[in-house]
Amino acid sequence: MMKSNYWLVQYLSISRIIKGSKKSYEKAFLYSEADGNDIGYFIQYNLDVLLKSFDALSRYIKRKNNEKKKAEKLLHLGNITKRQSQILSLCIENSDIVLVSTDIVGKFGVTPNTAKSDLRKLTEKGYLSEISLNGRTKGYIRSANFEQLIGKIK
């Protein structure tokens, strides 16, 4: 399909769908053998896999667009960056989240110093509170007035 310029297929996770439907794969293969090598069963199975993969990709794109819209709304709080608004979105989605700078490094692909700076700035603005996880690591949680501050834009 990629050779025929169906560029969208490069984003499909076909192997995940096949892994989750091994029985159907086996049945399609056996039906093809039992019915005079009629590969129609196998073709139908593969078409179903493609359809499920397209649906999964569509759901992923919708979810990411919704996350982006939520983060953009948070930008209206003023004086925060897009990445900081995305960090706040994580806190909205999971009220019990404890963030550490390595979480931010991994999720956003930034340096440890940038991650720490973002978390510190959100703490200074009152959105997050800093806690000590051990003698060396600092964690960040929603502040006591997080709901009140975020509620302005919801």
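Between Trp7 and Tyr11, the ring-plane angle classifies as perpendicular under the 30° and 60° cut-offs.
At distances below 3.5 Å, at least one donor-acceptor pair connects side-chain atoms of Ser32 with backbone N or O atoms of Asp38. The backbone N or O of Thr137 lies less than 3.5 Å from a partner atom in the side chain of Asn134, making a donor-acceptor pair. Side-chain N or O atoms of Ser143 include one that pairs as donor or acceptor with a backbone N or O of Gly126 at under 3.5 Å. Lys121 contributes no side-chain N or O that, together with a main-chain N or O of Gln84, makes up a donor-acceptor pair within less than 3.5 Å. Within the 3.5 Å criterion, the main-chain N or O of Leu119 finds a donor-acceptor partner in the side chain of Thr123. Not one N or O on the side chain of Asp118 forms a donor-acceptor pair closer than 3.5 Å with the backbone of Ala115.
Taking CD1 from Ile150 and CG from Leu88, the interatomic distance works out to 5.0 Å, rounded to the nearest 0.5 Å. Rounding to the nearest 0.5 Å places CG of Leu12 at 10.5 Å from CG of Leu51. Note: Tyr41 OH to Asp35 CG = 3.5 Å, rounded to the nearest 0.5 Å. For the atom pair CZ (Arg120) and CG (Leu122), the distance works out to 11.5 Å, reported to the nearest 0.5 Å. If you take OG on Ser53 and OH on Tyr60, they are separated by 15.0 Å, rounding to the nearest 0.5 Å. Interatomic distance, NZ of Lys52 versus CG of Leu50, reported as 11.5 Å (0.5 Å rounding).
Grouping the Ile, Leu, Val, Met, Phe, Trp and Tyr side chains by contacts below 4.5 angstrom, directly or via other members, places Phe29 with Ile17. Using a 4.5 Å cut-off between side-chain heavy atoms of Ile, Leu, Val, Met, Phe, Trp and Tyr, with links allowed through other members, Met1 and Leu57 fall into the same hydrophobic cluster. In terms of hydrophobic clustering, with Ile, Leu, Val, Met, Phe, Trp and Tyr side chains grouped at heavy-atom distances under 4.5 Å, Ile80 and Ile141 are assigned to different clusters. Put simply, Leu149 and Tyr140 are part of the same group of oily side chains (I, L, V, M, F, W, Y) that touch within less than 4.5 Å, one to the next. No path of Ile, Leu, Val, Met, Phe, Trp and Tyr side chains, each step under 4.5 Å between heavy atoms, connects Tyr31 with Tyr45, placing them in separate hydrophobic clusters.
Annotation: Lys138, atom NZ; neighbour count of heavy atoms from other residues, nucleotides and ligands within 6.0 Å does not exceed 12. Remark: Ile39 CD1 is loosely packed, at most 12 non-hydrogen atoms of other residues, nucleotides or ligands lying under 6.0 Å away. The 12-atom threshold is exceeded at CZ of Phe54, counting heavy atoms of other residues, nucleotides or ligands nearer than 6.0 Å. A 6.0 Å sphere centred on CG of Asn65 holds more than 12 heavy atoms belonging to other residues, nucleotides or ligands. Shown here is Tyr25, whose OH atom has no more than 12 heavy atoms of other residues, nucleotides or ligands within 6.0 Å. The environment of CZ in Phe42 is crowded: more than 12 heavy-atom neighbours from other residues, nucleotides or ligands sit within 6.0 Å.
Taking 4.5 Å as the limit, some side-chain heavy atom of Phe146 sits within range of a side-chain heavy atom of Cys91.
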